[in-house]
K.L.:
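Have a look at the structure that comes next, please.
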Amino acid sequence: VALPVAGSSVEAGALPEPSTWEFASSYMGEEFFARWSFFTGEDPSHGTVSYVDAATARSSGLARVSGDRIYLAAGKSPASEGSNRRPSVRVQSGETFNGGLFVLRADHVPTGCGTWPAFWMYGEDALHV
């Protein structure tokens, strides 16, 4: 997954005219992992997933960089014997934008029964979800 992101910093509640937008950020290459944190809590949707930390994700091949591509994945088998939870990666940006145009370019997105690839955009707190 390559994640080029464009946005603009504006006052809260005001969106700029499209002609005033300018490129603000890019999340590509090895720098990607320095700008995102790995979520390791319980799955908020109560799915059969076990979110892993950065070290586990990278050592098990669930997260890696190849050129200008970022690879994020779920494990192909359960985390442990007798478990139905698959190890998976969930990352969150520490940046906040008040508006903008956000572009996600995905080379491959899983399809089929039981898959739920997602690109979520949340506000900074529960009042801005």
K.L.:
Evaluate the side chain to side chain contact (heavy atoms under 4.5 Å, CB included) criterion for residues V52 and L62: first the C-alpha distance (whole Å), next the side-chain angles of each, then the deciding distance (0.1 Å), finally the verdict.
P.N.:
CA-CA 9 Å; V52 298; L62 299 180; 4.2 Å; yes
K.L.:
Taking only residues two or more places apart in sequence or in another chain, which ones pass side-chain hydrogen bond (donor to acceptor under 3.5 Å, both in side chains) with S59?
P.N.:
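Checked S59 against side-chain hydrogen bond (donor to acceptor under 3.5 Å, both in side chains); zero matches.
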K.L.:
Enter the distance from L104:CG to F102:CZ here, rounded to the nearest 0.5 Å.
P.N.:
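Atom-to-atom, L104:CG and F102:CZ are 12.5 Å apart.
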K.L.:
Going hydrophobic residue to hydrophobic residue with side-chain gaps under 4.5 angstrom, can you get from V109 over to I70?
P.N.:
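In one cluster with V109: I70, no.
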K.L.:
As an exercise, state the distance from OG of S26 to CG of D68, rounded to the nearest 0.5 Å.
P.N.:
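S26 atom OG to D68 atom CG measures 9.0 Å (nearest 0.5 Å).
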K.L.:
R64: what forms a salt bridge (charged side-chain N to carboxylate O under 4.0 Å, His left out) with it, not counting sequence neighbours?
P.N.:
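Once residues adjacent in sequence are excluded, R64 has no partner under the salt bridge (charged side-chain N to carboxylate O under 4.0 Å, His left out) criterion.
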K.L.:
Do the ring planes of Y27 and F32 sit parallel (below 30°), tilted (30 to 60°) or perpendicular (above 60°)?
P.N.:
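Rings of Y27 and F32: perpendicular, as their planes differ by over 60°.
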K.L.:
What is the minimum heavy-atom distance between V91 and W36, and which atoms define it?
P.N.:
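Minimum heavy-atom separation between V91 and W36: CG2-CE3, 3.6 Å.
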K.L.:
Can you list, by chain and residue number, the hydrophobic cluster partners of F39 when the side-chain cut-off is 4.5 Å?
P.N.:
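So far as hydrophobic clustering goes, F39 is joined with V49, Y51.
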K.L.:
Between T48 and R86, is the side chain to side chain contact (heavy atoms under 4.5 Å, CB included) condition met? List the steps.
P.N.:
CA-CA 6 Å; T48 54; R86 294 190 185 275; over 6 Å; no
K.L.:
Output every pair passing salt bridge (charged side-chain N to carboxylate O under 4.0 Å, His left out) with a member in residues 91-104, not counting sequence neighbours, ordered by first then second residue.
P.N.:
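Of all non-adjacent pairs touching residues 91-104, those that pass salt bridge (charged side-chain N to carboxylate O under 4.0 Å, His left out) are R35-E95.
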K.L.:
Sequence neighbours excluded, which residues qualify as side-chain contact (heavy atoms from CB on, under 4.5 Å) partners of S45?
P.N.:
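S45 satisfies side-chain contact (heavy atoms from CB on, under 4.5 Å) with D43, W116 only.
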K.L.:
What's the shortest heavy-atom distance between V65 and R58, and which atoms?
P.N.:
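Heavy atoms only, the tightest pair is CG2-NH2, 4.4 Å.
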K.L.:
Do the non-hydrogen side-chain atoms of R105 and R69 ever get within less than 4.5 Å of each other?
P.N.:
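Touching, per the 4.5 Å side-chain cut-off.
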K.L.:
If you look at every heavy atom in A57 and F38, which pair is closest and at what distance?
P.N.:
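Between these two residues, the closest heavy atoms are CB-CE2, 3.8 Å.
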K.L.:
Can you list everything that forms a side-chain hydrogen bond (donor to acceptor under 3.5 Å, both in side chains) with Q92? Sequence neighbours excluded, please.
P.N.:
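Scan of Q92 (side-chain hydrogen bond (donor to acceptor under 3.5 Å, both in side chains), adjacent residues dropped) gives none.
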K.L.:
Please determine whether a side-chain nitrogen of the Lys or Arg among R90 and E42 lies less than 4.0 Å from a carboxylate oxygen of the Asp or Glu.
P.N.:
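The answer is no: the pair does not qualify as a salt bridge.
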K.L.:
Who are the side-chain hydrogen bond (donor to acceptor under 3.5 Å, both in side chains) partners of S88, not counting sequence neighbours?
P.N.:
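Once residues adjacent in sequence are excluded, S88 has no partner under the side-chain hydrogen bond (donor to acceptor under 3.5 Å, both in side chains) criterion.
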